[in-house]
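To start, the structure itself, in structure tokens.
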Amino acid sequence: MQINHFLQFNDFSREEFEYLFERARWIKHEFKQYRRYWPLEDRTMAMIFDKHSTRTRLSFEAGMHQLGGAAIYLSTRDTQLGRGEPVEDAARVISRMVDIVMIRTYEHDIIRRFAAHSRVPVINGLTDEYHPCQIMGDIFTFIEQCGSISGKTVAWIGDSNNVCNTWLQAAEVFDFNVHVSTPPGYEVEPERAGLYGTGHYEEFADPHDAVKDADLVTTDVWTSMGFEAETEERKKDFANFRVDTEMMSCAKKDTLFMHCLPAHRGEEVAAEVIDGPQSIVWEEAENRLHTQKALMEYLLLGRLSGASVSAKY
């Protein structure tokens, strides 16, 4: 039996994401109505964390509980993985004891190797290269607010990190455009631009130019986990890449702002932007819960049909 994993955004087709978003809308509606929905009763998720997290742990752990299942938190500092146990061996053992695994780690190769030896679905909760669950939630949020993202333009301002890489993949899947503006030396890696940017990606030296035609402006912290030694240097390099009211004024009046959080007000984003009327950051954060619940349901149960899918919301 083939096992489906979600290791990077383009593991799924556009049609699969459209199904997931339909499920997420229904699941969110039921959640808001305080109606119990337990399709994953007696199912267990192992959550393996090599990197700290607030939103990833909370959204997966709460989400699994709300679907009737249980989630077990495993830190590599507290397991044999932190003492050198081969990833392949850990995958063979853990996947015999649980129904689904979520991993948040460093090198993408770690999660790829784990999935290759797992008997159950594996979800990428974040790697240095990709953050697919974040962008799935972001696109769902944009669609909630504005309708289809196809043909639209997303402006990415700042470091070309794992979130930026995933936006490039998503642009290929959903047929929208990404404007990327980074300081010199922090540009998108050429192989990623070649693989994921064909016809959907453009670089801008000046971030003000990048946001001009954008429907969405988004950014992330200047120093991602693992690069803390570069913090002071990055503050200097990124000084002109803060998303502030002046930059947002170069975009359209109805342009929205997103940030995957945590945010450092006064660094990558000004307080008046993230807390202002164009910001949908808090809706974006909440929707990680609902889209990931749809994802877990899909990976464990496949496509569902009937009233719960066709219900009006």
Side-chain angles (χ1 to χ4, degrees), residues 6-12 14 16-25 27-28 53-56 58-60 63 102 104 123-127 129-181 188 196-197 200-201 210-211 214-221 224 243 248 251 254-263 268-269 273-274 276 278-295:
F6 189 51
L7 306 186
Q8 54 190 55
F9 196 88
N10 59 10
D11 282 344
F12 288 172
R14 178 171 177 172
E16 285 178 294
F17 280 114
E18 288 171 349
Y19 168 81
L20 284 172
F21 292 159
E22 181 182 9
R23 293 299 302 149
R25 282 192 293 270
I27 289 170
K28 181 177 181 178
S53 169
T54 300
R55 279 149 295 277
T56 297
L58 182 59
S59 56
F60 273 110
M102 185 281 297
R104 183 178 172 94
I123 297 172
N124 179 359
L126 174 143
T127 62
E129 289 80 13
Y130 304 108
H131 199 356
C133 290
Q134 179 67 52
I135 303 309
M136 182 173 64
D138 290 0
I139 292 176
F140 176 75
T141 305
F142 183 90
I143 292 171
E144 273 191 326
Q145 301 287 326
C146 303
S148 175
I149 197 171
S150 298
K152 299 296 196 300
T153 297
V154 175
W156 175 267
I157 309 300
D159 189 18
S160 60
N161 60 13
N162 50 4
V163 183
C164 177
N165 292 338
T166 310
W167 272 114
L168 295 179
Q169 287 193 342
E172 292 290 315
V173 174
F174 278 93
D175 190 26
F176 61 87
N177 306 304
V178 181
H179 290 179
V180 177
S181 185
V188 174
Y196 312 131
H200 295 88
Y201 160 71
V211 306
D215 301 281
L216 172 65
V217 175
T218 185
T219 189
D220 195 0
V221 295
S224 298
V243 180
M248 291 297 292
D254 59 350
T255 297
L256 299 174
F257 173 77
M258 285 187 184
H259 190 305
C260 59
L261 301 176
E268 75 277 358
V269 61
V273 172
I274 193 171
Q278 291 171 277
S279 173
I280 53 171
V281 166
W282 316 118
E283 293 85 350
E284 172 192 10
E286 179 191 339
N287 281 334
R288 284 283 302 276
L289 172 68
H290 307 302
T291 52
Q292 288 167 192
K293 286 164 74 173
L295 174 65

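A pairwise comparison of heavy atoms in M102 and G125 identifies SD-CA, 3.6 Å as the closest pair. Residues D11 and L7 come closest through the heavy atom pair OD2-N, 2.8 Å. Residues F174 and R14 share a closest heavy-atom pair of O-NH1, 3.6 Å. Summarising the geometry of P262 relative to V221, their closest heavy-atom pair is O-CG1, 3.0 Å, with the distance given to 0.1 Å.
In this structure, the side chains of R55 and Q134 stay at 4.5 Å or more apart for every pair of heavy atoms. Between S53 and L126 the shortest side-chain heavy-atom distance does not fall below 4.5 Å. When side chains are defined from C-beta on, V243 counts as touching V217, because their heavy atoms get closer than 4.5 Å. Between C164 and V180 the shortest side-chain heavy-atom distance falls below 4.5 Å. For the pair M136 and L20, the minimum side-chain heavy-atom distance is below 4.5 Å. Using a 4.5 Å cut-off on side-chain heavy atoms (C-beta onward), H200 and V178 make no contact. Here the side chains of I280 and M258 are in contact, with some heavy-atom distance below 4.5 Å. Taking the side chain as every heavy atom from C-beta outward, T255 and Q278 approach each other to under 4.5 Å.
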* side chain to side chain contact (heavy atoms under 4.5 Å, CB included) between L261 and V281, worked out -> CA-CA 8 Å; L261 301 176; V281 166; 3.7 Å; yes
* **Step-by-step side chain to side chain contact (heavy atoms under 4.5 Å, CB included) determination, F60 to T56** => CA-CA 6 Å; F60 273 110; T56 297; 3.8 Å; yes
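Scored by the side-chain contact (heavy atoms from CB on, under 4.5 Å) test, A170 finds F9, I135, I139, F176 as partners (sequence neighbours excluded). Applying the ring-ring contact (aromatic ring centres under 6.0 Å, His included) test to F6 and every residue at least two apart in sequence or in another chain returns F12.
Inspection of the N287 and E283 side chains reveals no N or O donor paired with an N or O acceptor under 3.5 Å. Judged purely by distance below 3.5 Å, without hydrogens or angles, the side chains of E268 and T219 never pair a donor atom with an acceptor atom.
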